[in-house]
Amino acid sequence: MVDCKLDFEETELRLGLPGEKSINANYGKRGYSETVDLKLNLSSKEIGLDKTDLNENNLDKVKNCSNDSVKPPAAKAQVVGWPPVRSFRKNIMAVQKSGSNSEEVEKGTVGSAGASFVKVSVDGAPYLRKVDLKMYKTYHELSDALGKMFSSFTMSKCDSQGILDFMNESKLMDLLNGSDYVPTYEDKDGDWMLVGDVPWEMFVESCKRLRIMKGTEAIGLG
Amino acid sequence: MCLFQCIMNYFPEEVLEHVFDFLTSLRDRNAVSLVCKSWYNVERCSRKKVFIGNCYAVNPELVIARFPRFQSLTLKGKPHFADFNLVPHDWGGYVQPWIEALAKNGISLEELRLKRMVVSDESLELLSKSFPNFKSLTLVSCEGFSTDGLAAIASNCRYLRELDLQENEVDDHKGHWLSCFPDSCTSLVSLNFACLKGEVNAAALERLIARCRNLKSLRLNHAVPLETLQKILVQAPQLNDLGIGSFVSDPYTESYFKLKAVLQKCKSVKSLSGFLDVNPRCLPSIYPICTNLTSLNLSYAPGIQSNDLIKLIIRCKKLERLWILDTIGDKGLEVVAATCKELQELRVFPSDLHGVGNAAVTEEGLVAISAGCPKLNSILYFCQQMTNAALITVAKNCPNFIRFRLCTLNPVIPDAVTNQPLDDGFGAIVQSCKGLKRLSVSGLLTDQVFLYIGMYAEQLEMLSIGFAGDSDKGMLYVLNGCKKLKKLEIRDSPFGNMALLSDVGKYETMRSLWMSSCEVTYGACKTLAEKMPRLNVEIINENEEMEGRPKDKHRVEKMYLYRTLVGARKDAPPFVWTL
């Protein structure tokens, strides 16, 4: 057993095993900024570390794409499961943030945290679009915007009014049973979900991309 | 044969059994089973409560064979990190086979407590029909059932005393389940449906409360209107534990005055929670209850600002347990420290999960609490920043911590003043708190912190690590040092094969090990599984495009291993490989 004690009188602890260098020397071994980037990037799906990549140089690759900042990146780096709060609790908080505290939300809208651009694809359309979900407060507003965006395409049985209808939550069932298009989105877990089930704020938080699918393909959803 | 053994052999089993009845702690009962065969047999036949920390460590048949007369079962399913979306849906943890087996073997189950398990409506219905003496159901963080399952419980469990639903994902088919409690049901002591989203029939609820004169604990969901709450409280002034779902009223209406009047009469309420929807101007009606409160949970109430929180807390001098949001601020925590001298457990949850970070608490709040609350032994603290100096002070002030969980909102943030890692701070905690059983660390941390943990945390049973350490040494310090370690969960840390394989026997002394986004490879996991047949080494594969198995040198994204008596589980989904 090592015979040493932590000295509480000073704020600086000195603890070392006999024969080892003093602890402080270890701090030099790894610069803080590298550590930060290494740790955050190791988990961040944004960086997209290929899971099948057996390259030992994974770590190097990550270090190379570090941001050079010395300060810690803002807590808003999208790390899955951090802070470690149960989904149940997260959902409750998300629902309650609706409407209230709009000032605080606005404070955070400067920079990338404020926008939430997601790709929107419509089956049959020649190209995709992008929308900023944070520009809207309700499903209805979003459907208005999408309707305008895609109204220029010629699609069978689907004009802008049609898209508007199926965003209306009460008409979702009609649409599922019948014709036309079904709005779906990919959530943070990678699952494809039907638009409209969850409160708007929760939807914005978890939506990664939107796909307006043909009704015939949507069997099995919902 | 020694004298003692002779004497013991003359005790008839009934006497032993009577003596063992006084042993309620699981540890004592386990210890007693090891003394000799006779004691083992008496104990196993008389054990009433069985606790299974990992439902896959054993199977129902084995449990029933060993404890033929148990009446209470506690089961835990998914690994802890499932709470944070790290475990895919359908991983497992089904209660159905347990209920089937218990029913088939004539166990007279009275109590079932489940955590992180998948519970279906079918399971609940089977449960409600198979055990005539069933009295108590507690579900924590479970999923897979709907209010139809609850309706079955309400309808069929004639002597139900306790229905406690905590933070479950319930498919709410709205409302009628509560009406399924028959008029003859008067036995309820505890009813908690705060996590349900849908409405319940108000009249049915009022009648139920009125006829259950022994009701002590009632937690409503936010769909119960204030008028109903008022009527209920008139019928049940004997409540000890009250959860108010929705507390929204115009403070100048008659219904508010009535509510205020009835709240003044609720002298026995010791525990208060809820407030998912709240009009802060109605809070003064709660003040009369505050004086007697020992437990207060406002962690679901972001609608209450710091000032109103402080006005409430300043009246809660007897508080022993406080769960709150970081909207309280450091200033609010100073008020807690000055007021709540009996405080034992504090949890401060983050209110702002998008990381804008305006409302959070810092190291100052924690230091104030540690200085003001000498009985503090359990803390969960989400904070914006932390310093070593603060942690060292906290360690000095509070040597009695049993649970210490610190979570910095930025997982790798260094000491806010010195920019150094937080190793020394946590080192002080483990050195000072000799009884520490559970620890979660966060912030910038090197291998050094694990050296401290391995050296000092002798009683540590559960350790949670994320984004920490530099090398395998870190994990080795912990594995070699913490003799009582039961659960180790690690994410996003550079620990690899050398650490994993250094002491394979250690894992049989532990319940489980979770490692995700670390440096462990497929080959090492296979090696471990080969060497240790009594461990299940599970790999969770989320890469859909992969065909076949990875190569040995591939990093494994998620590994969960646990000791088991029953080999690989048969209900694993295709994305879980047991090596």
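Each chain gets a letter, A, B and so on, in the order the sequences are listed, and its residues count up from 1.
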Visitor: Can you tell which of B/K115, B/R116, B/K78 makes a salt bridge (charged side-chain N to carboxylate O under 4.0 Å, His left out) with B/E143?
Guide: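 Testing B/E143 for a salt bridge (charged side-chain N to carboxylate O under 4.0 Å, His left out) against B/K115, B/R116, B/K78 leaves exactly one candidate, B/K78.
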
Visitor: Verify the ring-centre separation between A/F203 and A/Y139: is it less than 6.0 angstrom?
Guide: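 They qualify: ring centres under 6.0 Å apart.
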
Visitor: So, B/F450 versus B/F495, ring centres under 6.0 angstrom or not?
Guide: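 Centroid distance B/F450-B/F495: below 6.0 Å, so yes.
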
Visitor: For B/S442, is it the side chain, the backbone, both or neither that has a heavy atom under 4.5 Å from a heavy atom of chain A?
Guide: side chain

Visitor: With only heavy atoms counted, which part of B/P550 is less than 4.5 Å from chain A, the side chain, the backbone, both or neither?
Guide: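 Interface part for B/P550: neither.
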
Visitor: Mind ranking B/F349, B/Y522, B/F81, B/F382 by heavy-atom pairs under 4.5 Å with chain A and telling me who comes out on top?
Guide: B/F349

Visitor: Where on B/T521 is there a heavy atom nearer than 4.5 Å to chain A: the side chain, the backbone, both, or neither?
Guide: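 For B/T521, there is no contact with chain A at all, as no heavy atom is under 4.5 Å.
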
Visitor: For A/W82 and B/F84, I'd like to know if the aromatic rings sit close, meaning centre-to-centre distance below 6.0 Å.
Guide: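 Between B/F84 and A/W82, which both carry aromatic rings, the centre distance is not below 6.0 Å.
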
Visitor: In terms of side-chain geometry, is the basic nitrogen of A/R86 or B/D83 positioned less than 4.0 Å from the acidic oxygen of its partner?
Guide: yes

Visitor: Quick one: what part of B/N541 sits under 4.5 Å from any heavy atom of chain A, side chain, backbone, both or neither?
Guide: neither

